[in-house]
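So the structure is just underneath, and the comments pick up after that.
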Amino acid sequence: MVNFSISVEEKDNYVVLKTDGYVNNLGGRAIADKVHDFMEKGYKNFVINFQKSEILNSIGACILIEVLDSILEVEGKLKFSNCIEIIAQTMEIMGLTEYIDIYETQEEAENAIKD
Amino acid sequence: MVNFSISVEEKDNYVVLKTDGYVNNLGGRAIADKVHDFMEKGYKNFVINFQKSEILNSIGACILIEVLDSILEVEGKLKFSNCIEIIAQTMEIMGLTEYIDIYETQEEAENAIKD
Amino acid sequence: MEILEQKQNEINLSIPSKHGMEVIAAKLSENLSLFKGFEQKKIEQIKMAIIEACINAFEHGSDSKEKVVKVDFLLCEDKIEVTVTDTGKGFDVSKIKKHALSSPLKEKSKRGWGIQLIHKIMDEVEITSSSKGTIIKMSKFK
Amino acid sequence: MEILEQKQNEINLSIPSKHGMEVIAAKLSENLSLFKGFEQKKIEQIKMAIIEACINAFEHGSDSKEKVVKVDFLLCEDKIEVTVTDTGKGFDVSKIKKHALSSPLKEKSKRGWGIQLIHKIMDEVEITSSSKGTIIKMSKFK
Ligand SMILES: Nc1ncnc2c1ncn2[C@@H]1O[C@H](COP(=O)(O)OP(=O)(O)O)[C@@H](O)[C@H]1O
Ligand SMILES: Nc1ncnc2c1ncn2[C@@H]1O[C@H](COP(=O)(O)OP(=O)(O)O)[C@@H](O)[C@H]1O
């Protein structure tokens, strides 16, 4: 319930991360670590699928801002999919909706990255 | 969460009842009423699929004994399927496993009634 | 020191004596036992035991004006301990009837299974009752 | 008479000041608001507000030896009211910083969003803090 795990799909020029569990400081940090690992391998574009994350906290959300920041620094793209509404609303309150697009399905998010 | 509903499938010579919700006195009573309605129409054999019932209480369970009793009186059959373990264990503690067979799937329960 | 440690593993709930609230207590126990890594079968047993104890507390144990039932959890290393307390008029614990398991169906369908079920599905059960109320303390090992 | 009625709609939880327990409180709120028929979006907002308030109570509000946080729910006809109480050293409520929404990302990623978020996602919020502790009372209408 308070556990967190990430599964990864490496695609052509982007990576899909699927989270499972609570996006708190630990969960956020796990996402940030995975993104940085793949950035070192040369990836710049990421989709995060939150389908299995039914809660987050503001500390986790702040780490997502850091993640966004590092991706924008290398002119990459970050897309979210399958968020519960409160994740989308938190991003909106934090003023991130101009930087992150949120899609209903992973497929839509992947298509947007490919464009 | 504390609500209860039943959906019904009328088959050749038996009826499948699918419960949804808490099998307490109200839930148990709703099952008993449905069974009696169909017994009045001439049915004697019943499958109850508990897939969507994740809790019960002993009052609900006692009403299931009454239901079993009326079915046995007309020499009918009662089969359960898709129970969580505690429903099966409660039936066992109440000494009902000699009268009610419990199956993993509705299909198995239906096949057993057809025999 | 010991009391301090216990506080750090204690979760206390108080609910009104009202239909449906037993489910709220059961769901809390579900989340706590998931949190402690209990297996599904044992979680279902804990939930049912709490439902039975709460219903008894609501029905028989809450004639007092307050009408509040307490459900306290202690998360131990190897077990979860649940205590359900009411402030009702109590009962004579030695007089709890047992259903003869070989009795005909008609007899089985009479009520009075709650406490028997609790004994069967929990590992330790201790009932204390007086004219000031009833306390049922039950544990489940991991 | 009024107090009696309130008791019948009050659910009280107390949890240790410990990582993960905020989720236990949030899940309890989820079940209570499902019970009252709240819609999914509002349930998520109530859960998040409780998580933020509890984390603050754990982190900033529980230096005392007891280390217990209370989460009280009042189920009203048209709203749910949640009060999170700690016995910490309190803070100056008038000095809560607001993130400028036009600030660059680096600034946004600094912590300090909890109370702002609570204000945005709940309908009524009232914070009282003194050297004896902090009480945050928040409501969500149905
Ligand atoms: N909390 C309680 N307060 C007072 N009496 C109780 C309490 N719990 C149980 N009892 C008594 O014990 C009896 C047996 O309880 P139980 O086995 O749960 O069956 P049931 O509640 O269906 O009668 C009850 O009928 C009641 O007289
Ligand atoms: N319950 C509390 N007890 C004491 N101080 C608190 C409490 N809640 C909040 N604060 C103070 O208010 C500040 C802002 O809180 P918040 O907006 O949740 O951000 P964060 O906790 O991430 O700093 C905290 O840094 C802390 O100083």
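Keep in mind that this is a model prediction, so the values were computed, not measured. The sequence lines fix the lettering, A, B, ..., with proteins before strands; numbering per chain opens at 1.
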* **A:Phe80 and A:Phe50 aromatic ring geometry - parallel, tilted or perpendicular at 30°/60° bounds** =>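 Perpendicular, since the angle between the ring planes exceeds 60°.
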* D:Glu22 versus chain A, the contacting section by heavy-atom distance below 4.5 Å ->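 For D:Glu22, the contact with chain A is made by the side chain alone.
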* Given that the side chain runs from C-beta out, which part of D:Glu52 has a heavy atom under 4.5 Å from chain A: side chain, backbone, both or neither? ->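 Contact with chain A: side chain only.
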* **Partner chain D: residue of A:Leu64, A:Leu56, A:Leu68 with the largest heavy-atom pair count (under 4.5 Å)** =>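 Between A:Leu64, A:Leu56, A:Leu68, the count favours A:Leu56.
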* Side chain, backbone, both or neither: which part of A:Glu85 has a heavy atom under 4.5 Å from chain D? ->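 Both parts, backbone and side chain.
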* A:Leu72 versus chain D, the contacting section by heavy-atom distance below 4.5 Å ->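 For A:Leu72, the side chain is the part near chain D, not the backbone.
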* Between D:Lys27 and A:Glu54, is there a side-chain N and carboxylate O pair less than 4.0 Å apart? ->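 Answer for the salt bridge query: yes.
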* What distance do A:Ile31 atom CD1 and A:Ile48 atom CD1 have between them, rounded to the nearest 0.5 Å? ->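 Result: 5.0 Å between the selected atoms.
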* To do: Take D:Leu32 and D:Leu75, measure what side-chain contact (heavy atoms from CB on, under 4.5 Å) needs, and give me the verdict at the end.
  => CA-CA 8 Å; D:Leu32 289 171; D:Leu75 308 181; 4.2 Å; yes
* Are the side chain of A:Asp101 and the backbone N or O of A:Lys79 linked by a donor-acceptor pair below 3.5 Å? ->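 Side chain of A:Asp101 to backbone of A:Lys79: no pair is present.
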